[in-house]
Amino acid sequence: MKKILSIFLALNILMGTFGSTVSVYAYDNKVVSNKSEVETLKNDIEKELIFLFEEATSYKNGILYVNKDLLIEKYGNEKAPLVAMGIERIYK
């Protein structure tokens with residue numbers, strides 16, 4: 001159950017990052033049926049999750065370490081604290 005919740009929260013975090021892409025498809029009333037488009041989106045999400053949970057954070061001995069400098073570099077000063085807060089909620 002905790003793993004499912006973690007994945008759900010991670011996807012919610014990513015929707016903020018990829019929201020503009022999704023809204024373009026919704027705006028154009030376009031269905032993503034092209035296999036290459038789906039694969040591209042899947043690969044983008046996979047890279048984002050790897051960055052968030054393997055590069056920007058680590059969890060050792062019950063302590064969560066968040067590299068806020070990496071988050072600021074990738075998401076900017078405005079979104080980085082929100083991403084960090086989302087990650088912290090996943091591990092609580």
Q. Salt bridge (Lys or Arg N to Asp or Glu O under 4.0 Å): which pairs involve residues 64-77, sequence neighbours left out?
A. Glu48-Lys74

Q: Report the residues that fulfil side chain to side chain contact (heavy atoms under 4.5 Å, CB included) with Ser58, sequence neighbours left out, ordered by chain and then residue number.
A: Lys60, Tyr65

Q: Give the cluster check for Phe51 versus Ile72: same hydrophobic cluster or not, with ILVMFWY residues linked at side-chain heavy-atom distances below 4.5 Å.
A: no

Q) In the single-linkage hydrophobic clustering (I, L, V, M, F, W, Y; side-chain heavy atoms under 4.5 Å), do Val83 and Tyr59 co-cluster? A) yes

Which distance, rounded to the nearest 0.5 Å, do you find between the [atom1] of [X] and the [atom2] of [Y]?
{"X": "Asn77", "Y": "Leu71", "atom1": "CG", "atom2": "CG", "value": "11.5 Å"}
{"X": "Asp44", "Y": "Leu49", "atom1": "CG", "atom2": "CG", "value": "11.0 Å"}
{"X": "Leu41", "Y": "Glu46", "atom1": "CG", "atom2": "CD", "value": "13.0 Å"}

(Q) For Phe53 and Tyr91, take the angle between the two ring planes, folded into 0 to 90°, and tell me which bin it lands in: parallel under 30, tilted 30 to 60, perpendicular over 60. (A) tilted

(Q) How close do Glu55 and Leu70 get, counting heavy atoms only, and between which atoms? (A) O-CD1, 3.6 Å

Q | Pairwise side-chain contact, Ile87 with Leu52, heavy-atom cut-off 4.5 Å (strictly under) | A | yes

